[in-house]
Structures are given as structure tokens and as C-alpha cells.
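One structure is given here, and the rest of the page talks about it.
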Amino acid sequence: MLPVRGRSSSPRGSVVRSPWGVRTTWTTVGDGEFFCPGCGGDRNYAHRTGRRRLTVLGVPLAARGTVGPVVQCASCDGRFGADALDHPTTVRFSAMLRDAVHTVALAVLAAGGTSSRSVTSTAAATVRSAGFEECTEEGLTLLVEALAADPGRRFSDGAADCPYSATLAIELHEALGPLAPHLAPAGRESILLQGARIALADGPYSAAEREVLLLAGTALQLCADDTSRLLAAARTPS
């Protein structure tokens, strides 16, 4: 009998499997909570490293190197590079954003003073909107007075009309620097504009207020031109 064209002499669906393979054994070296890129929210994770072994017929024989480390989500089982831990959780991000607005408000008050009720009122309302619901004008004023009385703070150029210090510049960078990479440009601009509106609550910027806002713009990774544009735009009522 002639063979039928197109048919294989081997059984249908049979697969020839190689006796060789590579198996990875994972070891958990840490755990915690992170923002999972796969799930899009805060999840628990396992920090894991792996070791590869060559197998023959499923039996591990020889080491083939290491794998990882990786971050494995406990919910979706997705594995990500260790740099996934650099992204703050939503809870941490909210706290960083709240602290950033609070720091900018204090910096502007330290530069312009707290004698204007309109300024302290605007500052307190701004900080409350950021998440410090118990913030009051009196509380902010006390904080600014305490900062001014700190003997460890020195004016950056020794001038009596220059209320900001090198320490204040460091504090702005500490509060805004880690947050800036995780904010879209509009988010970074929003923080600067909130500080600008506090400064403008009692009239045009003083030299010290403008200098502090320029420092804040630098800490927020805004270029000098964008910072100047935003400070000018803040003067125009929306």
C-alpha cells in the first residue's frame, strides 16, 4: 500500500522531549511591602535569589550560576528587578507629598515672616489640603519661631534681611528631592505654585521669598526658566 501524502509515520501529537534541562531553585532572603507594577497597587513581596542547575531526566547534576535577585509579588507572582523597590508605596508616596507641601510652606513663612494673617491663613489651608488636617495658623507660627530660635541655623550670607539659611536649602532638598522623580511635571509645578500663592497672599514676593521659591524649584528638578515662569504665572489670578 502506498503511504498517504502529508501524514507522518510518527504517532499524532507525540513530542520528543530532551532529557536535558535547567531548573531554578529560589530562596527568599527578605520580604515587605512594595508598589507592584503588575497589580498597580501596594502588595506584599518576597525578595528572592535563585540558583540554576543542569538536570538530566529531572535530576539536578551541575550548577549553572545564579539568578536575580528578584522581587516577587505575593498576589500576581510577577517577578521584577530589585529596582522595583525604589518606587514608594501609595501610603509612603502620600506621606512624602504631604511632607513636601509642609516643608515648602514653612520655608516660605520663614522667609517672609508670620506677621500677615492672610499669609498664615493661606499656609495653614494649604498644609491641611495636603493631608495635615490638624494644622493651624498658630501651630505653623510656633514652628517658624522655633526654627528661627535654633542656634544651629545661620543665615547663608549673614544679612539680616535674608531669613533663609543653608540649612533650609538642605531641608528643601531632603523633602523634595526623593519625591521629584516620582512626580509628573505638573505635580512638581503644583507644589511650587502652592508655595508661591502663600508668598503672594500679602502682596508681591519679597527678595527672600523669591529666593526660597527658587531653591524649592531646584529641589523639585525644575529648570530655572520654568521656575521663573511659574512664579510669574502665580501672580495672575486664575
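Along the sequence shown, residues are numbered consecutively beginning with 1.
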Just wondering, more than 12 heavy atoms not from Arg117 lying within 6.0 Å of its CZ?
no
Name all residues meeting the side-chain contact (heavy atoms from CB on, under 4.5 Å) criterion together with Ser228; count only those two or more places apart in sequence or in a different chain, and write none if there are none.
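Ser228 satisfies side-chain contact (heavy atoms from CB on, under 4.5 Å) with Arg210 only.
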Please check: side-chain N/O of Tyr205 versus main-chain N/O of Leu213, any donor-acceptor pairing under 3.5 Å?
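No, Tyr205 side chain to Leu213 backbone: no donor-acceptor pair under 3.5 Å.
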Within the side chain of Asp42, is there an N or O that forms a donor-acceptor pair under 3.5 Å with the backbone of Thr90?
yes
Using links of under 4.5 Å between side-chain heavy atoms of ILVMFWY residues, direct or through other members, which residues join Phe35 in one cluster?
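Once heavy-atom contacts under 4.5 Å are chained together, Phe35 still belongs with nothing else.
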Other hydrophobic cluster members with Phe80, side-chain heavy atoms of Ile/Leu/Val/Met/Phe/Trp/Tyr under 4.5 Å, chained?
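Its cluster mates, by chain and number, are Phe34, Tyr45, Val71, Leu85.
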So, for [X] and [Y], which heavy atoms are closest and what is the spacing to 0.1 Å?
X      : Y      : value
Pro178 : His173 : CD-O, 3.6 Å
Leu172 : Ala219 : O-CB, 3.8 Å
Leu97  : Ile191 : CD1-CD1, 3.8 Å
Thr136 : Ala124 : C-CB, 4.0 Å
His47  : Pro69  : NE2-CB, 3.7 Å
Ala100 : Ala175 : CB-O, 4.3 Å

Is any side-chain heavy atom of [Y] closer than 4.5 Å to one of [X]?
X      : Y      : result
Thr227 : Leu192 : yes
Val108 : Val119 : no
Leu214 : Leu231 : yes

Can Glu189 and Arg229 be counted as an ion pair, charged N to O under 4.0 angstrom?
yes
Just one of Leu179, Leu176, Leu183 clears the side-chain contact (heavy atoms from CB on, under 4.5 Å) bar with Met96, so which one?
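Exactly one option meets the side-chain contact (heavy atoms from CB on, under 4.5 Å) with Met96, and it is Leu179.
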Would you mind telling me which of Thr122, Thr120, Val101, Val104 makes a side-chain contact (heavy atoms from CB on, under 4.5 Å) with Ile198?
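Checked Thr122, Thr120, Val101, Val104 against Ile198; only one passes side-chain contact (heavy atoms from CB on, under 4.5 Å): Thr122.
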As an exercise, state the distance from [atom1] of [X] to [atom2] of [Y], rounded to the nearest 0.5 Å.
X      : Y      : atom1 : atom2 : answer
Leu220 : Ser190 : CG    : OG    : 10.0 Å
Phe132 : Asp99  : CZ    : CG    : 5.0 Å
Gln72  : Thr28  : CD    : OG1   : 7.5 Å
Leu109 : Glu137 : CG    : CD    : 10.0 Å
His102 : Cys135 : NE2   : SG    : 5.5 Å
Arg98  : Glu133 : CZ    : CD    : 10.0 Å

Applying side chain to side chain contact (heavy atoms under 4.5 Å, CB included), run through Leu106 and Val127 and close with a yes or a no.
CA-CA 10 Å; Leu106 283 178; Val127 174; over 6 Å; no
Any chance you could lay out the side chain to side chain contact (heavy atoms under 4.5 Å, CB included) test for Leu140 and Thr114, step after step, and finish with the verdict?
CA-CA 9 Å; Leu140 286 177; Thr114 57; over 6 Å; no
Run the numbers on Cys36 and Ser75 for side chain to side chain contact (heavy atoms under 4.5 Å, CB included), then give the verdict.
CA-CA 9 Å; Cys36 175; Ser75 296; over 6 Å; no
Run the side chain to side chain contact (heavy atoms under 4.5 Å, CB included) check on Arg188 and Asp226 step by step: do they pass?
CA-CA 11 Å; Arg188 288 180 272 136; Asp226 283 344; over 6 Å; no
